[in-house]
Amino acid sequence: GPVDIVINKANPTCSVTPYSVTYDGNAHTATGACSGVNGEGLSGLDLSGTTHTNAGIYTDTWTFTDSTGNYNNASSTVTDEIKKADPVVVATGKTCTYNGSPCTGSGSATGVNGENLTPVTLAYRDALNNLLPSAPLNAGTYQLAARFAGNANYNQKQSSPAMITINKATPTVSVTGGPFTYDGSSHAATVTATGVGGVAVPGSFSVIYMPPGNSTVPVNAGTYSVSASFTSADSNYNNATGIGSITINKADTSTAVLSSINPSIVGQTVTFEATVSVLAPGAGTPTGYVEFFDGTTSLGTAALSTTVPFKASISTSVLSVGSHSVTAKYLGDGNFKYSTSSILLQTVNYNFLGFLSPVQNPSALNAGKAGRTYPIKWQLTNYSGGYFSDLATVSGLGYYKVECNNSYAYGGETLTESATGGTVLRYDTTDNQFIYNWQTPKSPTPGCYVFVVRLIDGSVHQANFSLQK
């Protein structure tokens, strides 16, 4: 009878190779193949369960599914691994100048495909390798490290150290002061060192004044160049220098002049005395000379005294008759300005010796008859008694009527020129006297009159008359 022949399915021979790679951002799949009993290759091996991209250790299942009917299906597992990659971590240093703010570097972490990895942290260490809590502020050198903590695909990584350098700042050295006024005291410049934000930088100064070229603080008036060298006591600041200047102005003065006698007699010695005063805020002792002037003509120069009050004087006996505008000019010195006094009007008169007989001088009242001629006589001398004979010394002659009860003081009234009885003003060289014959008026009515002699020195001399019928 018939016999059943059974041919059992064979088991395929499958070889699957797991993978162990480093993360590169790409998908990875195990490799393998299945073969038959005669070494023929068989299709149907499914490795899709072994495909991974991210880092990790995976137990993956592969399967074989027969499509020929001659082989059994098969499956098994393999262990696949994608190791974490090392990122590229870079720290970037920086050079700053101290400004009171942190000097921060930077860092970056880059993945296998150039992608930026975050977060990146920065760590700073000082020159003694002490870890700082934040970016450094003060001048010095520091190390910076950038750190990436790692993630699912990348290992933790720290960069090589980079340098952070904070250079010292240079303060601004200012030289100020003045202008001052000479007062006999020294006047120093004010020097300051100013740092970031206008703060005062501690330290010491060496100050040189030119002239004299050393540290001596100037006293005298002038302009001085000043150089200041600053030595910083703050480790964040360099030493520095600054230049400037100060000015000590001359002190203002005032000058006043006085006369020993005013009015004076021609030929009389007059002493003019000048007093020089120092005006605040100036102080000290002025030196030098005072020049005295009559108008624009110099009368002479005298040295100023060195004690208070500061005075100088000259004497002269050569002033001519008339009014003189006398001034005194202090010529100044290295520390004091010149000054000129206000004008002193010095009056120089003739020495009028009074009216001579028969005319009496005020306050006497000369009684006489209206219409009569009276000889008016007078003498003029200088201070030494020398006589003047020039008729030009007289600038006016005349009279005016007054009420008999007044004081008879001449007040500039208009004078009536009188007839002279056939004579004119003359000078008698024998008796050294001026003579003028005054024919007294007969009209309008008898009464009181004042006869006036005006001299070119500006003086006025009068004789008082009561003229009756």
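For the numbers below, each heavy atom of this structure counts, side chains included, while hydrogens, waters and symmetry mates do not. Quick caveat: nothing in here was measured; it's all calculated off a predicted structure.
Residue-environment remark: CD1 (I243) stays at or below the threshold of 12 foreign heavy atoms within 6.0 Å. Atom CZ of F205 has more than 12 neighbouring heavy atoms from other residues, nucleotides or ligands inside a 6.0 Å radius. Residue-environment remark: CD1 (I343) stays at or below the threshold of 12 foreign heavy atoms within 6.0 Å.
One N or O on the side chain of N262 and one on the backbone of T347 form a donor-acceptor pair closer than 3.5 Å. N335 contributes no side-chain N or O that, together with a main-chain N or O of N220, makes up a donor-acceptor pair within less than 3.5 Å. Listed for the Y383 side chain is no donor-acceptor partner under 3.5 Å among the backbone atoms of N351. Although no hydrogens or angles enter the test, the distance criterion places no donor-acceptor pair under 3.5 Å between the side chain of Y400 and the main chain of V452. Here the side chain of Y209 pairs a donor or acceptor atom with the backbone of A189 at under 3.5 angstrom. No donor-acceptor pair closer than 3.5 Å links the side chain of N236 to the backbone N or O of N138. No donor-acceptor pair closer than 3.5 Å links the side chain of S159 to the backbone N or O of V89. Panel note: side chain N214, backbone T216; a donor-acceptor pair is recorded below 3.5 Å. Checked by atom type and distance alone, the side chain of S305 pairs as donor or acceptor with a backbone atom of K311 at under 3.5 Å. Side chain of Q379 to main chain of N432: a donor-acceptor pair is present (N/O by atom type, distance under 3.5 Å, no hydrogens or angles).
By the 30° and 60° cut-offs, the orientation of the rings of Y449 relative to W438 is perpendicular.
Results of the side-chain hydrogen bond (donor to acceptor under 3.5 Å, both in side chains) test with N153 over N54, D24, T53 single out N54 as the only residue that passes.
Interatomic distance, OG of S325 versus CG of D294, reported as 7.5 Å (0.5 Å rounding). One finds the CD atom of E291 at 4.0 Å from the OG1 atom of T301 (value rounded to the nearest 0.5 Å). From K157, atom NZ reaches atom CG of L117 across 11.5 Å, with rounding to the nearest 0.5 Å. Atoms CG and OG, on L345 and S259 in that order, are 11.0 Å from each other to the nearest 0.5 Å. In this structure, the separation between CG on N239 and OG on S206 is 11.5 Å, given to the nearest 0.5 Å. Atom CG in L122 sits 12.5 Å away from atom CG in L132 (nearest 0.5 Å).
Residues S315 and T271 bring a donor and an acceptor atom of their side chains to less than 3.5 Å of each other. Using modelled atom types and a 3.5 Å distance limit, the side chains of T165 and T141 yield no donor-acceptor pair. Judged by distance alone, the side chains of T22 and K83 never bring a donor and an acceptor atom under 3.5 Å apart. For the residue pair D333/T287, the side-chain donor-acceptor check at 3.5 Å is satisfied. A donor-acceptor contact closer than 3.5 angstrom links the side chains of T253 and S339. For the 3.5 Å distance criterion, the side chains of T275 and E273 fail to qualify, holding no donor opposite an acceptor. For the 3.5 Å distance criterion, the side chains of N464 and Q462 qualify, holding a donor opposite an acceptor. Side chain to side chain, S232 and D234 fail the donor-acceptor criterion of an N or O pair below 3.5 Å.
Annotation: side chain of Y338 is not in contact with side chain of T255 (no heavy-atom distance under 4.5 Å).
Ring-centre distance between Y427 and F434: below the 6.0 Å cut-off. Ring centroid separation for the pair F451 and Y374 does not come in under the 6.0 Å cut-off. A distance of 6.0 Å or more separates the ring centres of Y289 and F292.
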